[in-house]
Amino acid sequence: MLICSQCATQYPETQPRWRCGCGGYLILHAPGMFTRKSLSGRPKSLWRYREALGLRDAANTVTLGEGFSPLVDGCGNGTLLLKLDFLCPTGSYKDRGSTVMLSKLKEWGVSEVIEDSSGNAGASIAAYAALAGIRAKVFVPASTSAGKAAQIGMYGAELVKVSGSREDTTAAAVHAARDGFYASHNWSPYFLAGMKTAAYELAEQLDWKAPDWVVVPVGGGGLLVGMYLGFKDLVSAAFVDRVPRFAAVQASACDPVYRAWRDGFEDVPAIHKGQTAAEGISVAKPVRGAAILQAIRDSDGIVTTVEDDEVWTALAKLGGQGIYVEPTAAAAPAALRRLHEDGTIGAAEQVVVMLTGSGLKATDKIVEHQSAEAISYA
Ligand SMILES: *Cc1c(COP(=O)(O)O)cnc(C)c1O
Ligand SMILES: [Zn+2]
């Protein structure tokens with residue numbers, strides 16, 4: 001059952017639909033949960049949690065073996081764990097959502113999808129659409145990293161570059177979606193279901209325990225809300241004893257969630273945003289604002305912001321540990337440094353940092369930054 005978040009209208013899961021007639025986003029109600037015992041012997045992919053993903057017909061599964069990314073010790077004593085989710089098939093954690101959403105779209109018999117993205121979701125959806133035999137048209141802002149645009153084209157999708165803001169890109173895609181299915185990662189309840197697997201997997205890798213904190217970059221909030229819901233499922237099933245505290249990280253140039261949280265709002269109003277190197281979290285108004293705030297408050301979490309120079313410093317520090325991520329992904333570890341310094345997170349607490357996108361995605365932006373630095377030091 002798909003239920004509207006605004007007016008509670010119910011829709012069957014058997015027909016393609018991306019939002020309610022009233023404009024609200026849809027929530028997937030598909031009761032089902034794997035058992036811990038049933039996992040043994042299943043493949044190390046997120047489809048081992050199939051029962052919780054709301055898709056019963058395995059015949060339409062569109063998969064590249066995503067999930068089960070390494071969880072590595074980032075400090076030598078187990079208090080800081082880095083989840084290398086950028087090692088998913090297309091180089092970002094968005095594959096968790098795409099594999100589930102495209103499987104559902106294949107089941108629905110959809111033949112063409114429209115998506116808009118700052119790049120990673122577009123690349124991910126283009127890849128899984130290719131695999132599913134579904135045509136994809138992907139709208140990106142003209143400023144998107146050239147690497148992401150090239151990747152989208154290589155998967156065979158039609159790429160449409162839109163000048164103006166990220167929001168102008170969305171408007172162009174919604175307009176075009178009158179002739180195709182708007183398979184937006186920010187709206188799809190199936191894409192969100194895929195995000196829950198990051199929580200299941202983390203708990204399984206920690207031998208069915210929740211860490212004290214999970215630090216996540218937040219743009220549309222899919223990863224944060226999905227992981228929160230995933231941990232709620234695990235608590236309901238008594239697989240873990242609590243939901244971790246979430247530290248949501250935004251760029252200070254684009255921080256609508258931070259402002260709404262700070263001011264005690266119930267939903268997230270749009271803001272006028274500035275430029276940031278963290279293009280993947282540059283979202284002026286997330287679709288699921290209220291759900292984001294609820295996940296943070298209910299988990300006793302916090303929202304914090306980082307400056308671009310902190311992002312670049314964190315990126316270089318990760319490089320020194322053999323880890324190459326894109327600037328957006330470095331926002332989370334950049335924030336952690338400050339949260340440790342100001343005592344929000346204690347030194348003995350166990351923290352998992354989600355590393356969301358590969359550095360290879362943003363080579364052009366990284367090269368630009370390196371040459372600007374070389375000039376300023378000359
Ligand atoms: C999309 C993206 C994010 C933000 O995720 P949301 O689910 O939109 O909050 C963070 N990092 C990278 C690399 C991304 O591509
Ligand atoms: Zn509605």
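Just so it is clear, the values below take in all heavy atoms, side chains as well, and ignore hydrogens, waters and symmetry mates. In listed order, ligands and their atoms are each counted from 1.
Note: no N/O pair closer than 3.5 Å links S92 and ligand 1 by distance alone. Considering backbone and side-chain atoms alike, G280 places every N or O at 3.5 Å or more from each N or O of ligand 1. Any N or O atom pair closer than 3.5 Å counts here, and G357 shares no such pair with ligand 1.
Looking at heavy atoms from C-beta onward, Y93 lies in side-chain contact with M195 at the 4.5 angstrom threshold.
A donor and an acceptor atom, one from each side chain of S184 and N186, are nowhere located under 3.5 Å apart. Side-chain contact check for Y11 and Q15: no donor-acceptor pair (N or O, by modelled atom type) lies under 3.5 Å. Side chains of S103 and N60: a donor-acceptor N/O pair is absent below 3.5 angstrom, by distance only. Between the side chains of Q350 and W213, not a single donor N or O lies within less than 3.5 Å of an accepting N or O.
Every atom of ligand 1 with a heavy atom of V218 under 4.0 Å away is listed here by number and element: 9 (O). The distance from ligand 1 to the heavy atoms of G222 drops below 4.0 Å at these ligand atoms: 6 (P), 7 (O), 9 (O). Of all atoms in ligand 1, numbered sequentially from 1 with element shown, those under 4.0 Å from a heavy atom of N120 are 13 (C), 14 (C), 15 (O). The E326 neighbourhood of ligand 1 comprises atoms 13 (C), with distances under 4.0 Å to a heavy atom of that residue. Set against the non-hydrogen atoms of K94, the atoms of ligand 1 under 4.0 Å away are 1 (C), 2 (C), 3 (C), 14 (C), 15 (O).
Residue P217 places a heavy atom under 4.0 Å from ligand 1. Using a 4.0 angstrom heavy-atom cutoff, I281 counts as in contact with ligand 1. Assignment of Y93 to the shell around ligand 1 is supported, since a heavy atom sits closer than 4.0 Å. Ligand 1 has G221 within reach: a non-hydrogen atom of the residue lies less than 4.0 Å from it.
Among all non-hydrogen protein atoms, the one lying nearest atom 12 (C) of ligand 1 is T356 OG1, 3.3 Å. Protein heavy atom closest to atom 8 (O) of ligand 1, with residue, atom name and distance, is G220 N, 2.9 Å.
Although no hydrogens or angles enter the test, the distance criterion places a donor-acceptor pair under 3.5 Å between the side chain of D168 and the main chain of S165.
The aromatic rings of W208 and F239 sit perpendicular, their planes meeting at an angle over 60°, well past the 30° parallel limit.
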Quiz prompt | Worked verdict on R135 versus V113 for side-chain contact (heavy atoms from CB on, under 4.5 Å) | solution = CA-CA 6 Å; R135 275 195 314 282; V113 294; over 6 Å; no

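Considering R166, K365, K273, K361 as possible partners of E279, the one that fulfils the salt bridge (charged side-chain N to carboxylate O under 4.0 Å, His left out) test is K365. The only option from D212, D298, D300 that meets the salt bridge (charged side-chain N to carboxylate O under 4.0 Å, His left out) definition with R242 turns out to be D212.
Within a radius of less than 2.8 Å around the Zn ion (ligand 2), the protein N, O or S atoms are C4 SG, C7 SG, C20 SG, C22 SG.
Other residues sharing the hydrophobic cluster of M1, ordered by chain and number and joined by side-chain separations under 4.5 Å: I3.
Looking at every heavy atom in both residues, V325 comes nearest to L315 through O-CD1, 2.9 Å.
Going from atom CG of D116 over to atom OG1 of T169 covers 7.0 Å, rounded to the nearest 0.5 Å.
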